[in-house]
Amino acid sequence: MKIVVWGGGLLENRKPEDLKRFNKHKKQKEIIIGSIIAIVAIIGGISLIASFAMYEEKATFDVLKGTIPDFRKGKGDYNLIALTVNGEKTSTVPPKGTYSKIDVKCDNEATGEWDATRWGLFITSGTVPVSCTVDFELKVGSVLEYNYTGDEQEFIVPFDGKYKLEVWGASGGTVEGTIPGYGGYATGDVNLSQGETLHIYIGGTTTDQTGGYNGGGKGGSGNGQYNYGGGGATHIALATGLLSELENQQTQILIVAGGGGAGVQSIASIDVLGGAGGGIKGNDSANFTNSAPAYYGTGGSQTEAGADVREKPCGSGSFGKGGDFCNYGYGGAGGGGGFYGGGGGSRGHAGGGGGSGYIGNERLTNKEMWCYKCEESELEKTRTHTTENVSGDAVSQNAKQGSGYAKITYLGQS
């Protein structure tokens, strides 16, 4: 048989006619008040009730460590879901996205698997009863990793301590054969308190004219030219919202990795590199020839967004967002998202500028940024190193190709 329990807790085999007797019994007993998850599923004619509130308080930890006959007053066999954190018993399911490793062990030849997406336990067993222990692990050195999803992700801090944050911005979009601006990399350590929530937004790259998720500017088309949007920034903050929505809550932003501007194939069929994102200032887009008029997007800085270098304020970015293309008959490329976004280009040969990174939050220590062939800085709040190392995977101190990424590493008690 297959048993599914979402949210964890105790799993009981009960027939529907038993529920009235159970509810009457529950009212008569002194029950634990707290987090209750009640789920009723019909699988093969069996009703499954999952709850944390089925036991008298004195039996709480017997439930987690005891054998099936030991913890339940009454008769019959029941399935037990025991919960531990780093091997220590707990009576509540930890919040989703909090732990780096989840280990399930079941007896009676059963197989248990924790679904990290739906945050619940899936048990496959030929017989009942089954006892399973679910251990949520976050130890020193444990790493939580966050891919691009196109939506907010959260990390709820399980322990007071120091955590290392690493973020990579997304590269700009590319027409086939062109070279995008690469995303930047930023890192820093932060002391966090149990219960604080980190809001994580992973920048997206794009394969069309739309801007990448979290601030990429739009690309345009004209006279046969078709240019893509800029890459989005990746950021971690104590407040919810896309980066562009946090202009009035900048103290809540912990760290940002800028996205790259889109590259273009110029009207002269020469590839133009988009401006790389990240660091103290995003790169300007390249221009396909020194003798041609310059209409490329400039990079965002710590205080100002980029724009079309020749036609300001056309193509101007803004806080958290890359500039959209300017269309003077030839669609330009979109700028990269960032603390301040890169500028969008105009005309068919104009790439987008890169968005800037950010490590200026005073809570961050051991902080620095890396970006592709970019401007450097030795100041603590803007420390930036240049690199020519680029990877499609999330590699520390490397610029990023493709969508962004984030990692959170638990460093232990501060």
Side-chain angles (χ1 to χ4, degrees), residues 168-184 203-212 215-233 258-279 281-290 292-300 306-310 315 317 322-327 330-338 341-356 371-374 387-388 390-392 399-404:
W168 291 260
S171 60
T174 58
V175 179
E176 185 176 356
T178 64
I179 306 171
Y182 303 117
T205 191
T206 178
T207 57
D208 56 28
Q209 292 174 297
T210 59
K218 297 178 182 177
S221 61
N223 283 4
Q225 297 295 120
Y226 185 93
N227 295 317
Y228 285 179
V264 300
Q265 187 177 76
S266 75
I267 53 178
S269 298
I270 299 174
D271 294 339
V272 176
L273 178 68
K281 181 184 181 300
N283 285 359
D284 299 345
S285 169
N287 201 29
F288 83 93
T289 173
N290 292 331
Y295 293 96
Y296 58 85
T298 61
D308 183 298
V309 71
R310 188 179 178 89
D324 297 335
F325 72 99
C326 284
N327 196 341
Y330 306 95
S346 63
R347 312 251 177 189
H349 52 261
S356 59
C371 42
Y372 183 77
K373 293 184 178 180
C374 61
T387 181
E388 295 186 31
V390 179
S391 176
K400 183 74 168 66
Q401 187 169 16
S403 291

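Across every non-hydrogen atom of S403 and A170, the tightest pair is CA-CB, 3.9 Å. Across every non-hydrogen atom of S285 and G351, the tightest pair is OG-CA, 3.1 Å. When all heavy atoms of A399 and Y372 are compared, the closest pair comes out as CB-CB, 4.1 Å. Smallest separation of non-hydrogen atoms from G173 and P180: O-CB, 4.3 Å. Contact record, S171 with Y182: CB-CA, 4.0 Å, taken as the closest heavy-atom pair. Smallest separation of non-hydrogen atoms from C371 and G277: CB-O, 3.4 Å.
Between the side chain of K400 and the main chain of V390, no donor-acceptor pair closer than 3.5 Å is present. In terms of modelled atom types and a separation under 3.5 Å, the side chain of Q209 and the main chain of G220 share a donor-acceptor contact. Looking at N283, its side chain does come within 3.5 Å of a backbone N or O of K373 through a donor-acceptor pair. A donor-acceptor pair under 3.5 Å links the side-chain atoms of T298 to the main chain of A307, judged by distance alone. Put simply, the side chain of D284 gets close to the backbone of G299: a donor and an acceptor are under 3.5 Å apart.
A side chain to side chain contact (heavy atoms under 4.5 Å, CB included) with Y296 is found for one member of D308, V309, L273 and no other, namely V309.
The distance from atom CG of N227 to atom CG of D208, rounded to the nearest 0.5 Å, is 12.5 Å.
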